[in-house]
Student: 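Below are the structure tokens for one structure; questions will follow.
Since we're looking at a predicted model, the values are computed, not measured.
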Amino acid sequence: MRMTRGCAVSRRLPVLAALGLLLAGCAGTGRIPECRAVGGNAVYLVDRGWHTEIGVPVAALSGPLAVYRDIFPGARTVLFGYGKKTFFTAPASSVEEYLIGPFPGPAVVQVFAMTTTPDRAYGPDAVVVLPMSREETDRLSEFIGGDLERGRDGRPRLIAVGHRPESLFYAARSRYTLFHTCNGWVARALGRAGLPVSDDGVVFAGQVMARGARAAAMMCRPDRS
């Protein structure tokens, strides 16, 4: 099972530190039932407790994200998550470090390869399946890829490897702030792709999951053209 801290996360935080993380906008609230697409393209909105992530089938990776087909040969799904660099790539060692987590700082995009789909790995209660057209998945790839810094070779700039080799951290162009958090980034990515998901006022993971579930229900309607 994959382990993650989210954008400023630990499941053993003291109460005071947890309050600081709530201000950071990375606390989750409950699980949302999925709406499974019948055929066609789909992406996965994943509830990781404190933050959310987007799972993209390898076949749907395009444009700047197509590079991950070569980086992760044999993968079926690639998860993308956003967070503050210091919390994603190095464990906090004190309450004080957790309390300063909500303050602005450099951000990273975590890229995690899976040989299965998120609903099978984490269970359907933690995943919303979003049916998407090819144009929408292309726009999603453009948004995520557009936030990845490039090295001199033109590839995303790798800055750290996670606990497992299939978990990589890349420098983000945008910065983590109180108004640009992990959950807001995910909601914005889905909205930029063309889905009816707004990032306005997004603070908690539960908000993103609820908006994703509503969007999935709308897109899964039999009368949707």
Side-chain angles (χ1 to χ4, degrees), residues 2 32-48 51-82 109-124 126-150 154-156 166-168 170 172-174 182-200 202 207-225:
R2 178 196 177 196
I32 305 298
E34 69 171 331
C35 172
R36 182 174 299 281
V38 179
N41 293 317
V43 299
Y44 304 88
L45 175 59
V46 184
D47 184 351
R48 299 297 293 138
H51 79 145
T52 49
E53 297 176 352
I54 300 172
V56 183
V58 168
L61 296 172
S62 64
L65 298 189
V67 66
Y68 291 109
R69 296 181 187 175
D70 297 326
I71 293 175
F72 298 119
R76 182 173 177 181
T77 311
V78 178
L79 288 181
F80 297 91
Y82 181 86
V109 176
Q110 182 181 25
V111 182
F112 181 79
M114 307 179 69
T115 57
T116 185
T117 57
D119 54 335
R120 290 182 179 273
Y122 303 122
V127 177
V128 171
V129 182
L130 294 159
M132 297 177 69
S133 68
R134 186 67 201 194
E135 291 75 15
E136 288 168 336
T137 56
D138 286 347
R139 288 194 293 266
L140 180 64
S141 288
E142 287 294 333
F143 175 86
I144 296 174
D147 202 19
L148 292 170
E149 277 191 12
R150 302 284 165 174
R155 294 164 67 90
E166 61 268 32
S167 176
L168 304 177
Y170 293 87
R173 291 180 174 174
S174 63
C182 52
N183 296 314
W185 184 87
V186 166
R188 186 170 298 112
L190 295 176
R192 293 287 182 85
L195 275 62
V197 176
S198 170
D199 63 300
D200 289 345
V202 167
Q207 291 176 285
V208 184
M209 297 304 295
R211 295 181 189 191
R214 287 195 295 269
M218 292 174 59
M219 293 185 292
C220 286
R221 288 200 311 257
D223 62 342
R224 181 177 183 262
S225 56

Student: Report, as yes or no, whether the 6.0 Å neighbourhood of atom CZ on Arg134 holds more than 12 heavy atoms from other residues, nucleotides or ligands.
Tutor: yes

Student: Counting C-beta onward and ignoring hydrogens, is there a side-chain heavy-atom pair between Ser133 and Asn41 closer than 4.5 Å?
Tutor: no

Student: Where do Val78 and Leu61 come nearest, in terms of heavy atoms and distance?
Tutor: CG2-CD1, 4.0 Å

Student: With a 3.5 Å distance limit and no angle check, can you tell me whether Thr77 reaches the backbone of Met114 through a side-chain donor-acceptor pair?
Tutor: no

Student: Over all heavy atoms of both residues, which pair between Val202 and Val208 is shortest? Give the atoms and the distance, please.
Tutor: CG1-CG2, 3.6 Å

Student: Please test Trp185 against Asp199 for side-chain hydrogen bond (donor to acceptor under 3.5 Å, both in side chains), starting from the C-alpha separation and ending with a verdict.
Tutor: CA-CA 8 Å; Trp185 184 87; Asp199 63 300; over 6 Å; no

Student: Do Arg69 side-chain atoms and Val58 backbone N/O form a donor-acceptor pair below 3.5 Å?
Tutor: yes

Student: Can you name the closest pair of heavy atoms from Ala42 and Val129 and give their distance?
Tutor: CB-CG1, 3.8 Å

Student: Start with the C-alpha gap between Phe112 and Leu168, add the side-chain angles, then the distance that decides, and say whether side chain to side chain contact (heavy atoms under 4.5 Å, CB included) holds.
Tutor: CA-CA 6 Å; Phe112 181 79; Leu168 304 177; over 6 Å; no

Student: State, with a plain yes or no, whether a side-chain heavy atom of Tyr122 is found less than 4.5 Å away from one of Asp47.
Tutor: no

Student: Of all the heavy-atom pairs spanning Pro118 and Val46, show the shortest one and how long it is.
Tutor: CB-CG2, 3.7 Å

Student: Does Leu195 form a side chain to side chain contact (heavy atoms under 4.5 Å, CB included) with Glu136? I'd like the steps, not just the answer.
Tutor: CA-CA 8 Å; Leu195 275 62; Glu136 288 168 336; 4.1 Å; yes

Student: Can you give me the closest heavy-atom contact between Asn183 and His51, atom names plus distance?
Tutor: OD1-CA, 3.4 Å

Student: Taking all non-hydrogen atoms of both residues into account, name the closest pair between Ile71 and Arg155 and its distance.
Tutor: CG1-NH2, 3.5 Å

Student: Is the shortest side-chain heavy-atom distance between Ser198 and Arg188 below 4.5 Å?
Tutor: no

